[in-house]
2 protein chains.
Amino acid sequence: MKVLVVEDDEKLSGFIQKGLEAEGFVVDLCRDGDDGYALATTREYDAMVLDIMLPGRDGLSILRNLRERDIGTPVIVLTARGSLNERLDGLKLGADDYMMKPFYVEELVARLHVVTRRATGSGKSILSNGEVSLNLVTREVRIGEEAIELTAREFALLSYLMRSPGRVFSRAQICEHVWNYHFDPGTNIVDVYIQKLRKKLAGDGEIIETVRGVGYRIREES
Amino acid sequence: MKVLVVEDDEKLSGFIQKGLEAEGFVVDLCRDGDDGYALATTREYDAMVLDIMLPGRDGLSILRNLRERDIGTPVIVLTARGSLNERLDGLKLGADDYMMKPFYVEELVARLHVVTRRATGSGKSILSNGEVSLNLVTREVRIGEEAIELTAREFALLSYLMRSPGRVFSRAQICEHVWNYHFDPGTNIVDVYIQKLRKKLAGDGEIIETVRGVGYRIREES
DNA sequence: GTCTGGGCATGAAGGTCTTGGTTGTTGAAG
DNA sequence: CTTCAACAACCAAGACCTTCATGCCCAGAC
C-alpha cells in the first residue's frame, strides 16, 4: 500500500511517515504543492494525504486538478481546526475524508484503511483466498483456523500479493510497492521475504507460486 | 554529514542516495528545482549535489541565487556529457566541482569528501583529537595505534561529534544530522549508539563526555 | 544525610537487510 | 538422450539497526 503524503510541516510529516510505515504502508513524502501534484500525476498511489495549506500550490487546487484528470486516488485532506469551509470545499472537490489538525496519527491510519478498502473494490477489510485470510485492520493472518504472526514487512508483502490472487507480480513491482525501491536490481530481498512467508504460511500445497523468470503470485483458490 | 541531492531522474537519484548513505552521509533528496532551492535556503547542509537540467527551475539559477545570498555550501553540479558550457557556467557561478553524466557513484562520493573537507576549514581528511584519529576518506578509526572497526552509523555519529571537539551536541541535533529524524523524541537511539562508541573506543579516560540534561561532547584534548 | 525524580546506562531481543553458497531449471551442444 | 554452462531461485547465517525494559546515578529538596 503506497501513500503520498503532501505536508510541509516537518514534525507532523515525520510523525505521519513513521506512523504509516509502522503499519506497513509505503510512504512518499513531499513538502510542496507543485512537487506533490507532479508525483500524484506521474505515479500510482493507493491513497493520498493532502494538507490544504501548502507552499507552492494549495491542496484544494491539487485535488481539483486530479479529479479533472479523472485520477480517482482516495484523498484525505488535512485542515486547520475551525475552517469549516475548507472541509466542505474539500469534500465537494472529491476528497474521501478529512481530518482536522491536530489529530492522532492512529486515527489517520484507521481512515486510510477505510478509504483504501473502499477503493480496492469490495470494501472489505478482510482478504481471503483458499485457506489464507488476512485482516487489514487488525493485521491478523490466519491459515485455516491457525493464527500466524507476521512482521511489518512480511504483512506488507503478503497483503500486496493477496490484493490480486492469481496475478503475477515482478520483483521490480514488489520492490517498488513494498520497499519503495525504484532501483538497485542487485538485491534479492524479495526472494528472501518470499521464503520467510512460505515458511510461516506452510499449509497444504504452495500458497505462493514462483513464475520462473517473471515473479511470484498467490495461487488462486477462492 | 548532510547532503542535499537535487536530481529528477529516479533511478539516478536512487543510486546516489544509496551510495551516499552507505558511506555514512545523510541524504535529503528532491526532484524539483523549486523545492530544491527552498530546502537549500531553509536548512543547513554540508554539501549539495545539483543537476543542471531540472523541472521547475534549473540548477544554474539555483546556484546563482544561493551564491547571491552568500550561502556558501559546497556544490557539485551534474551535467550532461558534452555540454561544456554548462560546466563552465557552473564553475563560474561558484560550483565547487562538476561531474559529467554518466558517472560512477563512487567518484561522486570521493569528490563530495573533497569539497566537504575543503569547507570544513583545514582541508584535512583526518580529524584527530587526543589519541583518537579518524580518516574521513578511508574511514579508518584509530585510538593511539590501534585500529577500530565501526559500522556506518557509528562512524557517522563519531565524525559528526569529532568535527567540533568540545562542543556540546543535543540529542535533537544529533538525530537531525546523523539519522535525519526531525521528530520522534521518544527514541533513545542516540544514547544507545553513544554507548556502542564508548565501548569500542574504550581508551584512557572518557573520550565522549555526557553533559547532563543537554547532550554529549568529545573531550577536547588536542 | 536521606529521599526521590528524572536523566542516563546497559543488555536483551526482535526486525531488517545483505552476503554468499547451494540447489534447481533451462536450453543448447554434442 | 545426455551433458554442461548459465542463470534463476532458494536458503542459512550474520551484521546491523532499533526498541524496550530495567537498573543506576546524579541533582535538588527536605
Side-chain angles (χ1 to χ4, degrees), chain A residues 14-15 17-19 21-27 139 141 148-158 160-161 168-172 174-176 178-181 183-202 206-217, chain B residues 14-15 17-19 21-26 139 141 148-158 160-161 168-172 174-175 178-181 183-202 206-217:
Chain A
F15 275 119
Q17 178 176 26
K18 208 156 190 215
E21 287 179 348
E23 284 278 318
F25 287 101
V26 169
V27 177
R139 308 178 73 70
V141 180
I148 309 270
E149 291 293 323
L150 296 185
T151 69
R153 274 281 186 241
E154 290 163 355
F155 187 89
L157 172 57
L158 182 59
Y160 178 60
L161 296 178
V168 182
F169 295 90
S170 71
R171 285 176 178 69
I174 295 173
C175 267
E176 168 86 19
V178 178
W179 276 267
N180 218 12
Y181 285 180
F183 53 102
D184 197 353
T187 181
N188 71 338
I189 190 142
V190 174
D191 301 47
V192 171
Y193 271 78
I194 289 286
Q195 305 322 314
K196 290 191 178 198
L197 277 182
R198 280 184 176 149
K199 193 173 287 182
K200 288 198 179 179
L201 296 179
E206 285 288 316
I207 290 162
I208 301 173
E209 294 179 333
T210 302
V211 182
R212 194 183 169 81
V214 185
Y216 297 98
R217 76 172 154 215
Chain B
F15 275 119
Q17 178 176 26
K18 209 159 190 213
E21 287 179 348
E23 284 279 317
F25 286 103
V26 168
R139 309 179 72 68
V141 180
I148 310 268
E149 291 291 325
L150 296 184
T151 70
R153 279 273 188 243
E154 291 162 354
F155 187 89
L157 172 57
L158 182 59
Y160 179 58
L161 298 178
V168 181
F169 295 90
S170 70
R171 285 176 179 70
I174 296 173
C175 266
V178 178
W179 275 268
N180 218 10
Y181 285 0
F183 53 103
D184 198 353
T187 182
N188 71 335
I189 191 144
V190 174
D191 301 47
V192 171
Y193 270 79
I194 290 287
Q195 305 321 317
K196 290 191 180 200
L197 278 182
R198 280 185 174 149
K199 194 172 287 181
K200 287 198 178 179
L201 296 180
E206 285 288 314
I207 291 163
I208 302 174
E209 294 178 335
T210 302
V211 182
R212 198 182 167 81
V214 185
Y216 298 98
R217 75 170 155 219

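Per chain, numbering begins at 1; letters A, B, ... match sequence-line order.
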Does D:dC11 have OP1 or OP2 under 4.0 Å away from a side-chain N or O of A:R198? no
Quick check for you: among D:dA9, C:dT16, C:dT19, whose closest atom lies nearest to any side-chain atom of A:K196? C:dT16
A:R217 side chain vs A:V211 backbone, donor-acceptor pair below 3.5 Å: no
For residues A:K196 and A:K200, determine if any side-chain heavy atom of one lies less than 4.5 Å from a side-chain heavy atom of the other. no
Within the side chain of A:Q195, is there an N or O that forms a donor-acceptor pair under 3.5 Å with the backbone of A:V192? no
Residues two or more places apart in sequence or in another chain: which of them pass side chain to side chain contact (heavy atoms under 4.5 Å, CB included) with B:V190? B:R171, B:I174, B:C175, B:W179, B:I194, B:Y216
Footprint string (nucleotides 25-30 of chain D, 5' to 3'): B base within contact, S backbone only, - free, heavy atoms under 4.0 Å: -BS---
For A:T210 and D:dC10, is the shortest distance between a side-chain N/O and OP1 or OP2 below 4.0 Å? yes
For B:Y216 and C:dA9, is the shortest distance between a side-chain N/O and OP1 or OP2 below 4.0 Å? yes
Which residue lies more 5' along DNA chain C, comparing A:L150 with A:V192 via nearest heavy atoms: A:L150
What nucleotide, of D:dC10, C:dG15, C:dC8, holds the atom closest to the side chain of A:T151? C:dG15
Is A:Y193 near enough to C:dT18 that one of its side-chain N or O atoms lies under 4.0 angstrom from OP1 or OP2? no
Residue B:N188, side-chain atoms from C-beta onward, closest of D:dC20, C:dC17, D:dA9: D:dC20
Between A:R171 and D:dA9, is there a contact of a side-chain N or O with OP1 or OP2 at under 4.0 Å? yes
Nearest-nucleotide pick for A:K199, side chain only, options being D:dA12, C:dC17, D:dA21: D:dA12
If the cut-off is 4.0 Å, is B:W179 near the phosphate of D:dT18, judged by side-chain N/O to OP1 or OP2? yes
